[in-house]
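Below is one structure, written out as structure tokens, with a few remarks after it.
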Amino acid sequence: MKHQIKSLVSQSIQALQQAGTLDNHIEPNIKIEHARDKKHGDYACNIAMILAKQAKKNPRELAEEIINHLPVSSLVEKTEIAGPGFINFYMSANAFHSVVTDALDQKQAFGRSDIGKGKQIQVEFVSANPTGPLHVGHGRGAAYGATVSNLLEAAGYNVHREYYVNDAGRQMDILGTSVWLRYLDLCGETIVFPKNGYQGDYIWDFAANLHRENGDKFRHPSDKVFNAVPADEGEDGGDKEAHIDGLIKNARALLGEQDYNTVFEEGLNRILDDIRQDLEEFGVTYDDWFSERKLFTNGSVDKAIKRLQDAGHAYEQNGATWFRSSDFGDEKDRVLVRENGIKTYFASDIAYHMDKLERGYDRVIDVWGADHHGYVPRVKAALKAIGDDPDKLDVLLVQFAVLYRNGEKVQMSTRSGEFVTLRELRDEVGNDAARFFYVMHKCEQHMDFDLDLAKSRSNDNPVYYVQYAHARICSVWRQMQEKGFAFDETAGRNALDKLVEQHEQDLMNNLSRYPEVVESAAINHEPHQIAYYLRDLANHLHTYYNALQFLVDDADVRNARLVLISAVRQTLQNGLELLGVSAPESM
RNA sequence: GCGCCCGUAGUUCAGUUGGAUAGAAUAUCGGUCUCCGACACCGAAGGUCACAGGUUCGACUCCUGUCGGGCGCGCCA
């Protein structure tokens with residue numbers, strides 16, 4: 001509806017331009033807003049105030065002229081000039097009736113649009129290192145990324161969802177070695193587990209599985225395992241990094257490449273399967289799980305480094321290969337290949353982003369935890385250096401969710417194994433509540449996640465409030481049948497002019513906003529707009545429900561009201577679907 | 001020290017990209033079931049939009065500075 005009003009204003013301004021009142025070459029940025037106060041009508045436009053200066057007129061006079069040149073439309077009941085020069089639009093009843101029938105005609109498609117024009121867009125999210133189960137911090141990225149993807153799809157984009165699997169590098173070696181040490185312990189070896197190893201119980205599970213399937217095949221005496229390994233961090237000094245590196249080195253030497261890989265894969269695959277299943281149960285699915293190791297084995301990383309070298313943006317220093325990223329807006333240069341010949345994570349990440357853009361996406365979105373924010377300039381620098389357009393990449397930073405339990409902050413550390421997993425959260429609060437809770441806030445907003453509150457099944461959690469509105473409408477249908485009424489949709493559609501109550505006007509007005517909200521939420525990557533909208537719509541429905549009876553004797557009024565709440569039900573269902581939340585028929 | 005994010009009701013958060021009297025939820029207090037589900041509704045109270053300047057018709061929103069909180073500043077991933 002906003003678009004239609006905008007079009008009217010635009011036509012009026014064109015007319016004024018032809019009449020010479022306004023300059024021809026000005027392309028006015030017309031914005032139509034919902035009036036905050038009903039006294040100001042349904043919509044408001046501030047264009048007269050914006051153009052007043054260049055038209056050398058006072059805003060109210062200009063507003064007057066714009067109104068005089070507005071084309072006639074059945075949608076607009078009347079217009080008014082208000083305040084410093086706002087043009088207020090009062091919509092006709094017909095205008096809102098059409099929204100109700102739109103929702104019923106379009107069904108699941110109500111709210112969808114084609115503003116994306118089928119453009120290819122890739123969204124990469126979660127991409128947690130496969131070193132353990134997902135925790136509640138990843139949950140926010142998962143819910144956010146999945147919902148942004150849904151929104152973009154609803155706005156007419158062609159969305160490709162991807163998980164970047166960091167299955168290369170030192171963290172993976174630490175994981176493999178951790179599994180092996182636990183395995184050795186199960187074999188009966190005396191093992192002092194390293195401070196820097198992965199402490200979580202799931203490591204024991206993997207080790208037990210390894211032992212069950214292979215017996216003592218990978219067993220080596222502990223004195224050889226710890227042979228020549230620097231001391232672990234302790235009260236009398238020591239170095240936990242050097243300690244674990246020594247253990248990794250011994251693991252490789254004792255096991256040999258093949259056995260080492262078997263142990264390594266045991267950890268990696270078990271964890272990936274777990275993550276995949278966890279996310280699937282959470283309603284989060286991917287088109288592709290992209291392996292970092294593949295970038296090394298297929299030469300992409302070498303190619304990326306070579307491209308930087310060929311373009312003259314790389315140099316050698318102290319035995320390492322550097323990227324002169326400071327030439328492209330980064331605060332300092334970055335290492336691509338270390339002195340020991342090992343390529344950095346950054347090098348493979350350049351290759352990954354290069355690969356993304358080569359795949360031909362019009363736009364690429366990365367959803368990252370806010371702790372990676374310092375990483376954005378260097379990735380963009382790399383894209384710029386190799387001649388790609390860094391503006392095609394949008395990095396959406398999701399702030400941490402700080403957990404509170406019993407009113408106290410919960411400290412989390414992946415390495416120490418002390419964290420609340422996403423699965424635990426889902427088991428306790430349910431998928432619906434978790435999905436809704438996560439996207440209720442802007443992603444850049446620090447979020448206090450009160451576990452006790454989220455776990456409680458009280459209506460403190462707004463998801464129940466919205467779901468209840470949906471269930472309530474379904475319940476009306478059940479009641480209707482019990483009372484022996486039949487719903488005549490055609491009659492209802494023809495009787496929409498019976499919906500004269502203020503509650504009904506408000507509800508229709510509210511419905512008319514839905515397509516605009518979806519569009520705005522998609523463009524701005526702001527799922528919380530949907531959450532707030534749904535709460536508002538549910539509130540209007542509940543208020544209506546409490547104020548008026550739907551199943552009345554007057555058939556026209558009854559059918560019209562049922563048509564209206566049927567449209568509301570469809571809209572609630574569509575909105576919840578976008579958020580990955582179910583719309584139950586009863587609760 | 002430098003960089004990014006944040007600061008709005010007791011608390012958790014919105015605020016339509018610079019618009020009209022800053023809004024919800026929750027907590028507190030009061031009211032509403034002979035009635036389609038009270039998992040709901042209605043009302044009251046609650047604010048120096050961290051602070052100080054600046055930009056303009058107009059600032060919670062943009063700019064500068066100060067204060068406070070979070071995160072990041074590796075030849076880690």
Side-chain angles (χ1 to χ4, degrees), chain A residues 2 31-37 39-40 44 46 49-50 52-53 58-59 82-86 88 129 131 166 168-172 174 241 292 317-322 331-332 334-346 348-349 369-377 397 399-400 402 404 440-450 453 457-462 464-465 467-469 471-480 482-483 485 513 516-517 520 524 526 528-529 531-532 535-536 538-539 541-552 558 561-562 565 586-587:
Chain A
K2 230 182 219 180
K31 274 188 299 194
I32 307 295
E33 294 178 321
H34 281 271
R36 280 189 186 160
D37 193 325
K39 279 181 291 194
H40 301 129
N46 65 351
M49 287 182 283
I50 292 170
K53 197 171 270 180
N58 92 44
F86 290 103
N88 292 338
N129 284 347
T131 53
N166 295 122
R170 184 163 171 269
Q171 295 302 322
M172 296 311 301
I174 296 177
E241 302 293 344
E292 181 189 5
Q317 191 181 334
N318 300 334
T321 306
W322 294 72
E331 54 188 19
K332 53 177 283 198
R334 308 290 173 179
V335 172
L336 297 170
V337 184
R338 286 188 264 161
E339 192 181 0
N340 61 12
I342 294 174
K343 286 142 198 150
T344 60
Y345 174 82
F346 179 47
S348 56
D349 219 22
D371 53 336
H372 287 75
H373 68 81
Y375 208 74
V376 179
L397 297 170
Q399 292 290 333
F400 277 173
V402 181
Y404 286 85
M440 271 188 62
H441 304 311
K442 285 188 301 202
C443 67
E444 65 263 35
Q445 180 67 249
H446 298 270
M447 171 179 165
D448 287 346
F449 202 125
D450 187 332
L453 184 72
R457 286 197 81 86
S458 74
N459 60 342
D460 294 345
N461 198 323
Y464 300 119
Y465 183 85
Q467 287 181 321
Y468 180 45
R472 228 177 185 180
I473 294 170
C474 296
S475 170
V476 170
W477 250 256
R478 291 190 290 270
Q479 275 297 321
M480 178 185 73
E482 274 182 33
K483 292 192 175 186
F485 289 122
R513 278 180 50 214
E516 297 158 14
V517 172
S520 166
N524 297 306
E526 290 183 347
H528 75 276
Q529 288 192 31
Y532 275 86
R535 204 187 190 289
D536 196 39
N539 180 21
L541 187 277
H542 287 310
T543 301
Y544 181 34
Y545 182 98
N546 275 278
L548 294 161
Q549 194 80 6
F550 307 147
L551 300 174
V552 293
R558 185 178 67 241
R561 287 179 177 175
L562 290 174
I565 63 171
S586 65
M587 302 170 63

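The chains referred to below are lettered A, B, ... by the order of the sequence lines, with proteins before strands, and numbering in each begins at 1.
Separation of the C1' atoms belonging to B:rU26 and B:rG19 is 30 Å when rounded to the nearest angstrom. For the P atoms, the distance linking B:rC75 with B:rC71 amounts to 22 Å, nearest Å. For the C1' atom pair drawn from B:rG18 and B:rU56, the interatomic distance equals 10 Å after rounding to whole Å. Comparing B:rC62 with B:rG70, their P atoms sit 23 Å apart, to the nearest whole Å. B:rA22 and B:rA59 are spaced 12 Å apart, taking the C1' atom of each and rounding to whole Å. B:rC13 sits 14 Å from B:rC49 when the C1' atoms are compared, rounded to a whole Å. Distance check on atom C1': B:rA27 versus B:rG74 gives 47 Å, rounded to whole Å. To the nearest whole angstrom, the two P atoms, one in B:rA50 and one in B:rG7, are 8 Å apart.
For B:rC41, one of the phosphate oxygens OP1 or OP2 lies less than 4.0 angstrom from a side-chain nitrogen or oxygen of A:Tyr465. Listed pair A:Arg535 / B:rC13 fails the phosphate criterion, with no side-chain N or O lying under 4.0 Å from OP1 or OP2. For the pair A:Asn539 and B:rC41, the criterion of a side-chain N or O lying under 4.0 Å from OP1 or OP2 is met.
Remark: the A:Glu292 side chain and the A:Ser348 side chain contain an N/O donor-acceptor pair separated by less than 3.5 Å. Judged by distance alone, the side chains of A:His528 and A:Gln445 never bring a donor and an acceptor atom under 3.5 Å apart.
B:rC6 atom C1' lies 13 Å from atom CG of A:Leu397, rounded to whole Å. Atom OH of A:Tyr544 and atom P of B:rC35 are 20 Å apart (whole Å). A:Asn546 has its CG atom 7 Å from the P atom of B:rC41, to the nearest Å. In this structure, the CE atom of A:Met49 is 10 Å from the P atom of B:rA20, given to the nearest Å. If you take NZ of A:Lys483 and P of B:rC36, they are 6 Å apart, rounded to a whole angstrom. Rounded to a whole Å, the NE2 atom of A:His446 is 12 Å from the P atom of B:rU8. Summarising the geometry, the separation between CZ on A:Arg513 and C1' on B:rG15 is reported as 12 Å, rounded to the nearest angstrom.
Under the 4.5 Å side-chain criterion, counting only non-hydrogen atoms from C-beta, A:Lys2 is in contact with A:His34. Counting heavy atoms from C-beta on, the side chains of A:Leu562 and A:Met480 come closer than 4.5 Å.
Remark: the backbone N or O of A:Arg535 is not paired with any side-chain donor or acceptor of A:Asn539 at under 3.5 angstrom. Checked by atom type and distance alone, the side chain of A:Asn340 pairs as donor or acceptor with a backbone atom of A:Ile342 at under 3.5 Å. Judged purely by atom type and a 3.5 angstrom limit, A:Arg558 uses its side chain to pair as donor or acceptor with the backbone of A:Val552.
Heavy atoms of A:Leu548 sit under 4.0 angstrom from at least one base atom. Heavy atoms of A:His542 sit under 4.0 angstrom from primed sugar atoms or phosphate atoms, though from no base atom. No engagement by A:Thr321 is indicated, since no non-hydrogen atom pair under 4.0 Å with the nucleic acid exists. Across all strands shown, A:Glu444 has heavy atoms under 4.0 Å from sugar-phosphate atoms exclusively, and none from any base. A:Gln445 comes within contact range of the sugar-phosphate backbone alone, with a heavy-atom separation under 4.0 Å but no base atom that close.
Nearest to the side chain of A:Asn46, among B:rA38, B:rG19, B:rG69, sits B:rG19. Residue A:Lys442 has its side chain nearest to B:rG15 when only B:rG15, B:rC41, B:rC5 are considered. Of the listed nucleotides (B:rC41, B:rC36, B:rG7), B:rC36 has the atom at the smallest distance from the side chain of A:Gln549. Relative to the side chain of A:Thr543, the nucleotides B:rA14, B:rA38, B:rC41 differ in distance, and B:rC41 lies closest.
Interface remark: the A:Asp536 side chain does not form any donor-acceptor pair with the B:rA25 base, using a distance-only criterion of under 3.5 Å.
Annotated as anti: B:rC49, whose glycosidic dihedral deviates from 0 by more than 90°.
A distance cut-off of 5.5 Å between ring centres, combined with a plane angle under 30°, places A:Phe86 in a stacking arrangement with the base of B:rA20.
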_If you apply the rule side chain to side chain contact (heavy atoms under 4.5 Å, CB included), what do you find for A:Thr131 with A:Met172, and how did you get there?_
CA-CA 7 Å; A:Thr131 53; A:Met172 296 311 301; 4.1 Å; yes
Would A:Arg561 and A:Leu548 satisfy side chain to side chain contact (heavy atoms under 4.5 Å, CB included), going step by step from the backbone distance to the final call?
-> CA-CA 10 Å; A:Arg561 287 179 177 175; A:Leu548 294 161; 4.1 Å; yes
Would A:His446 and A:His441 count as a side chain to side chain contact (heavy atoms under 4.5 Å, CB included) if you check the C-alpha gap in whole Å, the side-chain angles of each, and the deciding distance to 0.1 Å? CA-CA 9 Å; A:His446 298 270; A:His441 304 311; over 6 Å; no
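Summary of the strand contacts: A:Gln529 and A:Ala44 both lie near RNA chain B, and taking for each the nucleotide with the nearest heavy atom, the more 5' one is attributed to A:Gln529. Looking at which nucleotide of RNA chain B each of A:Gln399 and A:Phe550 is closest to, the 5′-most match is held by A:Gln399.
The aromatic rings of A:Tyr345 and A:Tyr375 lie tilted to each other, with the angle between the two planes from 30° to 60°.
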Dot-bracket for RNA chain B, 5' to 3', Watson-Crick and G-U pairs with both distances under 3.5 Å, [ ] for crossing pairs, | for partner on another strand, reads (((((((..((((.....[...)))).(((((.......))))).....(((((..]....))))))))))))....
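By the side-chain contact (heavy atoms from CB on, under 4.5 Å) test, A:Asp371 pairs with A:Phe400, sequence neighbours left out.
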For nucleotides 72-77 of chain B, 5' to 3', base contacts (B), sugar-phosphate-only contacts (S) and non-contacts (-) with protein non-hydrogen atoms under 4.0 Å give SSSBSB
